[in-house]
Peer 1: 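Please find one structure pasted underneath; my questions will follow.
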Amino acid sequence: MDPAQACASHGWSIITSASTNSQFAGVLAGFVFTGIVMLFAMRGGRYTQALAVLSPTFIVLGFDSYLFSHVTGSGNDGECARVWTDGMFASGMLGVGAAGVVSSICWLLAAHLDTHAKQPQLADGTGQTNTDQRSELGQPDPAIVNLPRIAAGMIYGVTVGICLLLAMTADRYLRLVSDDAPRMLWLWIVWAVPVAVLLGLAVLVLARWRRRARRQHAAENKTRTSRVRSLTFVVYGMLAYGLLTPVLAGVIASVGDHWWQDPGPQIVMPAVLVELVFATLLLVALVLAAPPMPPPAARRHEPNGSHDGIGVPVPTQPDPVDAEVGGAVDDHSGPRAQTQTA
């Protein structure tokens, strides 16, 4: 029998999918490295935060590509539980790396909106304000008005989707190591994780929507503090996750063959915790650390800035997130704009 089919769980073989996942992780790592190089030329708090998230994401995806290739090369291993355990660690790293890429895109979208809002207002030759100027005056601009919704949909949707996929992988893993007779309590715990994430994100979206509708500035300050802590946690957490998970996978895979005849909790529990629980904590932290992106019309009511006579925000203090993770804060949120005088 084909080794990949022999190690399949309910018709799905992690060995067969490992080569594709390895290539996918490698391609993502290449794009992330290119983005890091390009961000070195950018100046501003938002770009700094995107760089802070992309750096550990590159480490996670790079090691993940190797782990999946290791699973592919272990196709002839007679111990399917050992191959699946390596695949569990690799699956968790792929989920965290993909979420890190999406979170970085959200930071770049926020930087784009900030740069657009700070462009000077200059009338064209006909004395009319162009599309960019109308958006700064609070008038809807179809080209950018939906960017915040796109960013929110990306970060929330990807987080829920990744949690469901990780739970499905953990379910198949528990069924394989227990000869298709897992304890129902374990399966309930596994599927309770994505359900809890889905409910938590729904409550978070509702709370943020109500807070924005009431414009509770005091609550917004608490949200900024939470965002600072979440971003700091997720940056260092992803770095530790990307460095320690391959080490743990290597240590567990090196134990004797007799450990894999009937894998006990000392092997199964670390795999499930790293693949599902720890990865989910980082995914939730990425959501909490996502930058706020109000629509252009709402930028006139920013609590941490003054405004000129026509409602264009003039920042007076930096975002606490910029000072916490980014170190030195540049007064410009994007590339330095050049103004022209008639």
Side-chain angles (χ1 to χ4, degrees), residues 25 28 32 49 52-61 63-64 67 85 87-107 152 154-171 173-174 185-205 207-208 222-249 252 265 268-291 321 324-325:
L28 283 182
V32 168
Q49 310 319 320
V53 177
L54 283 177
S55 298
T57 300
F58 173 74
I59 301 297
V60 171
L61 291 173
F63 277 119
D64 181 60
L67 279 181
T85 301
M88 286 283 287
F89 292 122
S91 299
M93 295 183 69
L94 181 59
V96 172
V101 172
V102 174
S103 178
S104 302
I105 294 175
C106 292
W107 279 104
M154 287 172 53
I155 192 66
Y156 290 118
V158 168
T159 299
V160 174
I162 291 176
C163 288
L164 289 173
L165 292 175
L166 293 180
M168 182 192 69
T169 305
D171 180 281
Y173 173 72
L174 292 176
L185 178 61
W186 287 24
L187 296 182
W188 279 101
I189 294 176
V190 164
W191 287 106
V193 172
V195 172
V197 170
L198 179 60
L199 295 177
L201 292 182
V203 173
L204 179 63
V205 170
R208 288 183 174 179
K222 294 181 180 180
T223 303
R224 289 191 182 92
T225 302
S226 174
R227 189 179 303 115
V228 170
R229 295 174 179 175
S230 299
L231 186 59
T232 305
F233 169 80
V234 79
V235 169
Y236 293 106
M238 289 180 64
L239 181 60
Y241 190 84
L243 295 177
L244 297 180
T245 299
V247 175
L248 181 61
I252 293 181
V268 175
M269 290 301 295
V272 175
L273 286 175
V274 172
E275 188 263 354
L276 183 61
V277 178
F278 293 163
T280 300
L281 289 177
L282 292 174
L283 295 179
V284 174
L286 282 170
V287 173
L288 296 177
V321 177
E324 178 71 18
V325 180

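All heavy atoms count here, side chains included; hydrogens, waters and symmetry mates do not. Only a predicted model underlies this, so the values are computations on that prediction, with no experimental measurement involved.
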Peer 1: Would you name the heavy atoms of Ser91 and Thr169 that are closest together and state the gap between them?
Peer 2: OG-CG2, 4.0 Å

Peer 1: In Å, rounded to the nearest 0.5 Å, how long is the span from OG of Ser103 to CG of Leu282?
Peer 2: 11.5 Å

Peer 1: Nearest 0.5 Å please: distance from the CG atom of Leu248 over to the CG atom of Leu273.
Peer 2: 10.0 Å

Peer 1: Name the residue from Val203, Leu198, Val197 that meets the side chain to side chain contact (heavy atoms under 4.5 Å, CB included) definition with Leu201.
Peer 2: Val197

Peer 1: Restricting to side chain to side chain contact (heavy atoms under 4.5 Å, CB included), what partner residues turn up for Val101, sequence neighbours left out?
Peer 2: Val32, Thr57, Leu61, Ile105

Peer 1: Nearest 0.5 Å please: distance from the CG atom of Leu94 over to the CD1 atom of Ile162.
Peer 2: 8.0 Å

Peer 1: Please find the pair of heavy atoms, one from Trp191 and one from Val195, that lie closest to each other, and give the distance.
Peer 2: O-CG2, 3.3 Å

Peer 1: So which atom in Leu67 and which in Ala249 form the shortest heavy-atom distance, rounded to 0.1 Å?
Peer 2: CD2-CB, 4.3 Å

Peer 1: Using the rule given for side chain to side chain contact (heavy atoms under 4.5 Å, CB included), can you reason through Thr245 versus Asp64, listing the C-alpha separation, both sets of side-chain angles and the distance that settles it, and then say yes or no?
Peer 2: CA-CA 9 Å; Thr245 299; Asp64 181 60; over 6 Å; no

Peer 1: Can you name the closest pair of heavy atoms from Ala167 and Leu276 and give their distance?
Peer 2: N-CD1, 3.8 Å

Peer 1: For residues Trp107 and Leu231, report the shortest heavy-atom separation together with the two atoms involved.
Peer 2: CZ2-CD2, 3.9 Å

Peer 1: Just how far is it from atom CG of Leu166 to atom CG of Asp171, taken to the nearest 0.5 Å?
Peer 2: 12.5 Å

Peer 1: When rounded to the nearest 0.5 angstrom, what is the spacing between CG in Leu286 and CZ in Phe233?
Peer 2: 9.5 Å

Peer 1: Excluding sequence neighbours, so at least two apart, what forms side chain to side chain donor-acceptor pair (under 3.5 Å) with Tyr173?
Peer 2: Thr85

Peer 1: Between Ile59 and Leu243, does the side chain to side chain contact (heavy atoms under 4.5 Å, CB included) criterion hold? Intermediate values first, please.
Peer 2: CA-CA 8 Å; Ile59 301 297; Leu243 295 177; 3.8 Å; yes

Peer 1: Are side-chain heavy atoms of Pro270 and Ile252 found at a separation under 4.5 Å?
Peer 2: yes

Peer 1: Can you see which heavy atom on Val53 is nearest to which on Met238, and at what distance?
Peer 2: O-CE, 4.5 Å

Peer 1: Take Trp186 and Val268 through the test side chain to side chain contact (heavy atoms under 4.5 Å, CB included) and record every step on the way to the result.
Peer 2: CA-CA 11 Å; Trp186 287 24; Val268 175; 3.6 Å; yes

Peer 1: Which value, rounded to the nearest 0.5 Å, describes the distance between Phe63 atom CZ and Phe89 atom CZ?
Peer 2: 14.5 Å

Peer 1: I'd like to know if the side chain of Arg227 and the backbone of Ala290 have a donor-acceptor N/O pair within less than 3.5 Å.
Peer 2: yes

